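Everything on this sheet refers to the single structure shown next.
Remember, it's a predicted structure, so these values are computed and weren't measured experimentally. Note that these values count all heavy atoms, side chains included, but never hydrogens, waters or copies made by symmetry.
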Amino acid sequence: MNREKKTGVVYEVYVQSFNDSNNDGIGDLQGLIEKLDYLKDLGVNILWLTPIFESPMVDNGYDIADYKKIADVYGTMADMDELLEKAHEKGIKIVLDLVVNHTSDKHAWFEASKQSRDNEFSDYYIWKDPKADGSEPSNHGSVFGGSAWEYCPERNQYYLHLFAKEQPDLNWKSKALREAVYETMEFWAKKGVDGFRMDSISLISKPDEFEDAPLLDNKKYGAYYQGITNGEHLHEYLHEMYERVLKPYNLFTIGETPHTDVEQGQLYVDPKREELDMIFQFEHMHVDYGEYGRYSDIAFKLSDLRRDLDHWQKGLSWNSNYLGNHDQPRIVSRFGDEGKYRVKSAQMLAMLTIMQRGTPFVYQGEEIGMTNVDFKSMSEMRDLEAFNTYELLKSLGVEDDQAFAMVKWKTRDNARTPMQWNNQKNAGFSQSEPWIALNANYDKINVEKDLASEDSIYRFYQKLIELRKTNDVLIDGDYQIVETNDSDVISFMREKDNKKILIVLSFANKRIKYNLPIQFENGELLIGNYSLDSNELNHTLYLQPYEGRAYLIG
């Protein structure tokens with residue numbers, strides 16, 4: 001990977017919740033254009049946009065009906081062209097969400113494919129005959145609940161949908177389908193798009209025959225990914241994509257790879273294999289999973305988080321470093337403290353994200369410390385997965401109150417409420433009622449208030465991002481864990497050309513004493529989220545709640 005890519009700092013924009021320019025309650029491209037200076041000042045130089053394409057919005061745009069049409073709620077192709085032009089003028093690259101594991105069932109390809117077994121598009125999707133008794137081809141379940149198979153009377157066959165039934169999976173064995181995908185990517189590359197974040201890309205290679213999967217997490221159906229993730233021809237397809245589109249246009253690429261271990265992950269990012277620049281792995285997102293999987297009411301253990309991050313830092317030649325995104329709870333609520341120490345924990349978590357080896361990803365609102373939402377009822381949520389999970393938990397005997405609490409804690413809607421710009425009407429997001437309820441704390445947590453604070457989270461992100469983009473040690477220095485046992489501290493070292501940076505991060509909500517497990521001759525504070533009487537490094541550190549420090553060593 002070249003230096004330009006290595007210096008990238010990515011900001012994920014959940015477009016429909018970022019900024020509404022036409023006051024219809026939904027964020028849009030013109031709203032994003034209005035905030036480009038805000039993002040440039042933050043220091044990020046790559047924007048990843050969640051899907052902006054024509055969609056019935058069953059899964060908030062991840063069910064695409066037309067890859068070459070901007071959804072009306074987001075604007076027009078002229079708006080997209082303007083965004084590309086103005087972003088590039090400001091030195092900001094644009095990365096689109098490429099969703100090609102599946103389409104919407106309203107996509108023209110699927111509407112044709114379901115009509116017969118012998119038309120031009122008949123093999124664009126995964127079709128299987130019923131079993132002798134007419135039942136589904138396998139017991140695989142969908143991510144969103146229920147069977148992963150849906151019967152289609154026109155063909156007297158089932159089609160596979162690993163997600164919602166309105167999201168049929170594409171058949172990558174079809175060369176015609178692959179060419180159609182590459183042609184779509186080329187369409188956007190020629191327009192000036194700088195790269196793609198590839199949704200669920202580890203799932204695109206399906207088996208010829210589907211065998212029943214094990215039942216996990218108390219679920220009725222088999223695990224959706226069993227026998228499917230990292231399939232036999234996956235890397236052939238990605239290398240073909242690289243040769244066909246990614247290499248000719250020098251595109252920036254991130255693959256979302258659920259249920260991928262570190263050895264499999266390295267296959268994606270090994271430069272010699274010519275596939276992707278980096279991947280999103282999920283091991284550290286599982287640290288607070290419980291008996292029902294993702295939706296639990298348990299807290300994470302720092303030792304688990306430290307172990308998982310260390311495992312991937314060492315295992316991959318290049319990482320994508322993130323703690324939150326549009327599918328996860330807010331990072332301050334999950335890993336920090338959303339109360340008394342919200343500001344300090346947000347700043348400390350920023351250090352963890354930005355100072356590891358790899359490309360940092362900042363999700364909108366993290367730079368001002370936005371928190372989870374205190375939803376009062378299921379009716380305030382909008383996420384399909386939240387409703388399906390709530391019903392599933394109740395069917396498994398979980399009491400209503402507990403089921404609601406578990407869904408409320410982990411629902412994806414926590415990260416999808418509107419960006420909080422100020423304490424005015426609708427947090428400055430829109431003059432109309434937003435598509436989803438605002439977080440009620442927007443009068444206390446918003447951009448305007450944070451920028452006016454002497455202890456601004458945004459300003460701290462600015463400093464960290466500038467440091468990350470200009471310091472060779474942080475850009476591509478080696479990584480080495482320092483602390484392996486302490487129950488309150490993550491500490492690691494970055495090193496290049498005999499230059500070292502030591503990062504010490506406290507996850508404790510109280511003042512603690514921390515003895516460095518290794519000796520250093522000298523060190524001077526490079527950045528930290530508290531004011532110190534001395535900038536010199538000592539073997540024994542007294543760390544304030546959620547304190548983060550980075551020292552130059554030697």
Criterion ring-ring contact (aromatic ring centres under 6.0 Å, His included) against F18, the qualifying member of W48, W421, Y74, F429: W421
Could you work out, with side chain to side chain donor-acceptor pair (under 3.5 Å) as the rule, every residue matching D63, not counting sequence neighbours? S55
Got T229 and P258 here, is their nearest side-chain heavy-atom distance under 4.5 Å? no
Determine the interplanar angle of the F300 and F507 rings, folded into 0 to 90°, and report it as parallel if under 30°, tilted if 30 to 60°, perpendicular if over 60°. perpendicular
Keeping T417 on the side-chain end and L438 on the backbone end, is there a donor-acceptor pair under 3.5 Å? no
With a 4.0 Å cut-off on N to O distance, would you call D327 and R416 a salt bridge? yes
Any heavy-atom pair between the side chains of N101 and K206 that's under 4.5 Å? yes
L384 and V58, any side-chain heavy atoms less than 4.5 Å apart: yes
Report yes or no: does Y67 contribute a side-chain atom to a donor-acceptor pair with the main-chain N or O of V99 at less than 3.5 Å? yes
Is the number of heavy atoms from other residues, nucleotides or ligands within 6.0 Å of CD (E209) greater than 12? no
Name each donor-acceptor pair under 3.5 Å that joins a side chain in residues 389-404 to protein atoms two or more places apart or in another chain, with its distance.
from	atom 1	to	atom 2	distance (Å)
T389	OG1	E385	O	2.7
S395	OG	L392	O	2.6
Q402	NE2	D297	OD2	3.3

Are K173 and D123 ion-paired here, with the side-chain N under 4.0 Å from a carboxylate O? no
For the side chain of D413 and the backbone of M381, is there at least one donor-acceptor N/O pair under 3.5 Å apart? no
Are K449 and D443 packed together at the side-chain level, in the sense that at least one heavy-atom pair is separated by less than 4.5 angstrom? no
Can you tell me which residue among D97, N325, T50 is in a side chain to side chain donor-acceptor pair (under 3.5 Å) with R197? D97
Could you check whether R117 pairs with D129 (Lys NZ or Arg NE/NH1/NH2 to Asp/Glu carboxylate O, under 4.0 Å)? yes
Around atom NZ of K69, are there more than 12 heavy atoms from other residues, nucleotides or ligands closer than 6.0 Å? yes
For S138 and W149, test the side chains for any donor-to-acceptor distance below 3.5 angstrom and give the result as yes or no. yes
Report the residue from Y159, F210, Y151 that forms a ring-ring contact (aromatic ring centres under 6.0 Å, His included) with W127. Y159
Closest non-hydrogen contact found for Y295 with V407 is CD2-CA, 3.7 Å
Are Y124 and T103 side-chain neighbours, meaning at least one heavy-atom pair lies under 4.5 Å? no
Return the minimal non-hydrogen interatomic distance between S147 and S142, and the atom names on each side. O-CB, 3.7 Å
Nearest atoms (heavy-atom pairs only) where S135 meets D133: OG-OD1, 2.6 Å
Heavy-atom closest pair, residues E211 and H140: O-CE1, 3.1 Å
Heavy-atom side-chain proximity of D24 to S432 below 4.5 angstrom: no
Tell me if a side-chain donor or acceptor on Q420 pairs with a main-chain N or O of I445 at a distance below 3.5 Å. yes
Looking only at heavy atoms, the pair that brings I436 and R382 closest together is CG1-CG, 3.7 Å
Derivation and outcome, ring-ring contact (aromatic ring centres under 6.0 Å, His included), residues Y38 and Y458: CA-CA 10 Å; Y38 168 85; Y458 178 96; 5.1 Å; yes
Are the side chain of T353 and the backbone of L349 linked by a donor-acceptor contact shorter than 3.5 Å? yes
Less than 4.5 Å apart, any side-chain heavy atom of Y322 and any of V10? no
Got a second to check how far N60's CG is from D383's CG, nearest 0.5 Å? 6.5 Å
Would you mind checking if R307 and D310 are paired as a salt bridge, meaning a charged N to carboxylate O distance below 4.0 Å? no
Shortest non-hydrogen contact from H326 to E12? ND1-OE2, 2.6 Å
Rounded at 0.5 Å granularity, tell me how far CG in N509 sits from CG in D337. 6.5 Å
My understanding is that only residues two or more places apart in sequence, or in another chain, count here; which of them pass ring-ring contact (aromatic ring centres under 6.0 Å, His included) with F361? F280
Do the side chain of W188 and the main chain of L96 share a donor and acceptor less than 3.5 angstrom apart? no
Does a side-chain heavy-atom distance below 4.5 Å link E338 with N372? yes
